[in-house]
Amino acid sequence: MRIQSNSANPLLTLVIIFGFQLAEAQDSTTPRDNTPKFSNEFLNIGVSAKAFALGLSMVSHTDDVTAAYWNPAGLNQMESDFQLGLMHSDYFGGLANYDYGGFAASLQDDSKLALSVVRFSVDNIPDTRFLFDANGAIDYSQIRFFSATDYAFLLTYARELPILGGIRVGGNTKIIHRMAGSFAKSWGFGIDLGAQKTWKGWDFGLMAKDIFGTFNAWSHQPDELEDVYNLTGNEVPTNSLEVTLPRLILGASRRFEVFKFFSIMPTVDLDMTFDGRRNTLVRSDALSIDPHGGVELGFKDLAFLRFGVNNIQQLKDFDRSTYWSMQPNAGVGVVIKQLHIDYALTDLGDASEALFSHVFSLKVNFNLEDK
């Protein structure tokens, strides 16, 4: 459900403005406890319905165009000459849109190259600063609209290294552009590195995100919001720098052949963050670990049924007691010649505090004719 012009609410504008405070950058010398934990968090949502159904556990076995996002080393296992991947999902009843597109190519020296784009946007946000005219009367014709949009552009290169026992490696160079209407915008730059190894039938993966820290340089337009900030008692933001600290993800999976036409693949990932205590299953001031995993049942590599669990958190009830919550997910996938179609329903049964969402994605293989 999108916000229409007849539903303008000055409170919404204030909420958006206060949200800018959360995105205010901090100098790279700021102590870890004060570094924002959720900087560029839209890049941790995930891509592909397959991944959402498996609880976002992909680092060890990803092997297609989406590997550019999950683990660049996985591009080495892409079998087609070219591959296109697309995904769309919406959140909050359609208020927020999340989209992904990727294209990967096999090069002549057996290396892989990919370009990916991720977009998260809240569109048609009412700007009600001019809702009241000079006489205090409401004038709906003065309502304006803006968008809060985040973009990420990933250029990925992957190659297998026989001299290291067949270790597959890859890396991302990513450019990030974030903007909140005409009020604020930022440009950022970061690097991800990944590796995969198959050993005794098991697949292992390591993904180092923002390995050197990802830096977003924010520029604000304080003149446009200065009056509102002064009325609400908030400090007018200034141009600044936001740092996203590194994150490591370890993954393991194994595919088992069952009977003649069936397969089963369990998978698990461990997300490790170093930006202070988080609400995860394992947590400390130095390290927090968020486990998540899933299982995929396959039939002739043509049809798949998937289940996964993620978002394991400890929550507080109204009586101040605590309990553990997790997010179950489910999905299906089918292969029709060169077309892969996947669907996922996240937060199955509304068991988690997170809102459920329907996720659709597709993947298309393009092969050159044999010479």
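Heavy-atom basis, side chains included; hydrogens, waters and symmetry copies ignored. A quick note: this is a predicted structure, and the numbers were derived from the prediction, not measured.
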Ionic contact status for Arg277 with Asp285, cut-off 4.0 Å: yes
Basic-acidic side-chain contact under 4.0 Å: Arg306, Glu296: yes
Asp271 backbone acceptor or donor facing Asp290 side chain under 3.5 Å: no
Pairing of Asp110 and Arg159 as salt bridge, 4.0 angstrom limit: no
Donor on one side chain, acceptor on other, Lys112 and Ser106, under 3.5 Å: yes
Any side-chain donor near an acceptor of the partner, His292 and Asn311, under 3.5 Å: no
Under 3.5 Å: donor-acceptor pair, side chain of Gln83, backbone of Val65: yes
Donor-acceptor pair between Asn365 and Ser80 side chains, under 3.5 angstrom: yes
His358-Tyr343 side chain donor-acceptor pair, cut-off 3.5 Å: yes
Trace of the salt bridge (Lys or Arg N to Asp or Glu O under 4.0 Å) decision for Lys174 with Asp192: CA-CA 8 Å; Lys174 57 188 179 185; Asp192 305 328; 3.1 Å; yes
Side chain to side chain donor-acceptor pair (under 3.5 Å) partner of Asn40, chosen from Glu242, Arg178, Lys209: Arg178
Asp210 bridged to Arg247 by N-O distance under 4.0 Å: no
Tyr151-Phe120 aromatic ring centre distance below 6.0 Å: no
Short side-chain donor-acceptor distance under 3.5 Å, Thr244 and Thr214: no
Check: Ser147/Ser121 side-chain N/O donor and acceptor closer than 3.5 Å: no
Pair Ser357, Ser89: side-chain N/O donor-acceptor within cut-off below 3.5 Å: yes
Side-chain donor-acceptor contact under 3.5 Å, Thr66 with Ser48: no
Pair Gln327-Gln313, side-chain donor/acceptor within less than 3.5 Å: no
